[in-house]
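We name chains A, B, ... by the order of the sequence lines, and we start the count at 1 in each one.
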Amino acid sequence: MNQHNLDKNKLAKLEDYLAGDLPPAEEKQLRQELATDRDLAKTFELLKKIKSQHRFQETESRLRKAMERPTGKYFREEKSPYIFRRGVFIAIAAMALLLLVSKFIFQESDVVSSLAAEYLSPPQSLSLFRSGESQQGGQQEQQIIQLYEAGDYENALKLMKDLQSRFEAEHSSEFYFDLGILQLFANHPSEALGSFQNVKTGHTFDLQWYRAWALLFAKQNEEAKAAFDELATQPNPFQKEAQQLLEFLP
Amino acid sequence: MHPDHKYIAGLLDADSDVIDEIYALHANKIIGWVRKNGGSVEDAKDVFQDALISIVQQAQKPGWELTCPFSAFLFLVCQRRWYNELQRRKREKVTLERFSGFEVVDDAEQQAEYALRDYQEFLLFQKAFNELKDDCKKVLSLSWSGIPQKELAEQLGYTYGYFRKKKTLCLAALISLIKSSEDFRKINEE
């Protein structure tokens, strides 16, 4: 009997035989055929298996149901400690990174800002105009003073730079000190450092004090600390402030 | 009768206390072993469940007896089941670390092999049966229920002759599905 082309009559007989419904004569004949026809014998074995396997279906379902509870209890996916779970780990790592970045970006500048608010104040007046060295700006000088006194350092700086470009040959150490002060308070610390470098005479301690601040704002922390340290270790108007500052500087 | 037969009896009865005891005693060891051999807890769960069902299927056979400690037989079946799974996944020969500390009688390994093969066959037959049309499933299920065929024919509103013919056709379809399955060929080659 071809395995894919089953003889339906034979199959019916095999079924009847299994059910004990086959008349004795036909049963005898079928037995003889089973003994000689290998394919028929195989189909008969398969039929028996199908029936017994089908009976097991109910048992299998019952068992699976009975195993549900202990399976849930004993085969739980072992969770790693809370901190090592992927999502939590990523969140913590991101927060740590943010904190680390903010430490450099924000925290340090916050400290500097709060120290500046407490210890840094601009000179009472611009020394250039106080000393009367420069008389050439005229009206523009008055504007710079007004802006400076009003705390508008950015616009004062613009006019100062304009003055610088128009009277290039006239600049003294006083001019550069004032320019540096405006640059410092207009938040251009690197430019201020450049201007302070051109101060050749005078302003011994106040130059050092404002230069140290410019270094701090320019994030040249070590140089700034060294500059404050010089002021802190010798008698000068800024000594006490310099000492206090050094206590708080990060 | 082996003293561990109580576990077999409990499984046959789907006794929840016995099943829980089996899990409590052996689940961890199976999890550890499967994980050590490239699997997950989920894999271990499947291995454990299939092993228990395979054992029950054998235990239902007339004359079957447990010939070694239940734990040893369970681990043998689990080991074999995971070996087969790894072979199926990797399609290559795999070498597994064996469970240690168990003494098994000679035929236990063969029994474990039979148990898994029978269960694999059960799954294959079940799959083929589920592919049949609903009316066929119903006719075959009823015809194997032990209720006289004439009664079943009446119950279904069929003539007796038609019921018999229908049953034979459905059975032929089922056998054809089974025989054409690659898994069936594999099982019979082994």
Can you say whether B:Ser145 sits under 4.5 Å from chain A via the side chain, the backbone, both, or neither, judging by heavy atoms? neither
Among B:Ile19, B:Asp13, B:Asp15, B:Ile53, single out the residue with the greatest number of heavy-atom pairs under 4.5 Å to chain A. B:Ile53
Tell me, for A:Arg55 versus chain B, whether the close heavy atoms (under 4.5 Å) come from the side chain, the backbone, both or neither. neither
Is it the backbone or the side chain of A:Lys65 that comes under 4.5 Å from a heavy atom of chain B, or both, or neither? neither
With chain A, which of B:Lys45, B:Lys61, B:Glu42 has the greatest number of heavy-atom pairs at distances under 4.5 Å? B:Lys45
Lys/Arg-Asp/Glu bridge criterion (N-O < 4.0 Å) met for A:Glu45, A:Lys42: no
Not counting sequence neighbours, which residues clear side-chain hydrogen bond (donor to acceptor under 3.5 Å, both in side chains) with B:Asp135? List them please. B:Lys166
Segment of B:Glu121 engaging chain A (4.5 angstrom heavy-atom cut-off): both
Side chain from CB out, backbone as N, CA, C, O: work out which of these in A:Thr71 comes under 4.5 Å of a heavy atom of chain B, or both, or neither. both
Taking the six-membered ring for Trp, is the centroid-to-centroid distance between B:His26 and B:Phe75 below 6.0 Å? yes
Would you say that more than 12 heavy atoms from the other residues, nucleotides or ligands in this model lie under 6.0 Å from the NZ of B:Lys137, or not? yes
Closest non-hydrogen atom pair between B:Tyr160 and B:Ala153, with its separation: CA-CB, 3.9 Å
So if I apply the salt bridge (Lys or Arg N to Asp or Glu O under 4.0 Å) rule between B:Asp43 and each of B:Arg35, B:Arg88, B:Arg89, B:Lys36, which one comes out positive? B:Arg89
Bottom line for B:Lys165: the part with an atom under 4.5 Å from chain A's heavy atoms is neither
Under 4.5 Å heavy-atom distance to chain B, tell me which part of A:Asp16 shows up: side chain, backbone, both or neither. side chain
With a 4.5 angstrom heavy-atom cut-off, is it the side chain or the backbone of B:Ala24 that approaches chain A, or both, or neither? both
Engaged part of A:Leu47 at the chain B interface, taking heavy atoms whose separation is under 4.5 Å: side chain
Between A:Trp209 and A:Phe238, what is the ring plane arrangement, given parallel below 30°, perpendicular above 60°, and tilted in between? parallel
Side chain, backbone, both or neither: which part of B:Gln49 has an atom under 4.5 Å from a heavy atom of chain A? both
Chain A interface, residue from B:Leu140, B:Ile22, B:Ile178, B:Thr168 that has the most non-hydrogen pairs under 4.5 Å: B:Thr168
Region of B:Phe125 in contact with chain A, defined by heavy-atom distances below 4.5 Å: side chain
What part of A:Glu15 gets within 4.5 angstrom of chain B, counting heavy atoms only: side chain, backbone, both, or neither? side chain
In terms of side-chain geometry, is the basic nitrogen of A:Glu58 or A:Arg62 positioned less than 4.0 Å from the acidic oxygen of its partner? no
N-O pairing of B:Lys127 and B:Asp183 below 4.0 Å: no
Could you pull out all donor-acceptor pairs under 3.5 Å where a side-chain atom in residues 20-36 of chain A meets a protein atom, sequence neighbours excluded?
residue : atom : partner : partner atom : Å
A:Glu27 : OE2  : A:Arg31 : NH2          : 3.2
A:Arg31 : NE   : A:Tyr17 : OH           : 3.1
A:Glu33 : OE1  : A:Lys10 : NZ           : 2.9
A:Thr36 : OG1  : A:Gln32 : O            : 3.1
A:Thr36 : OG1  : A:Glu33 : O            : 3.2

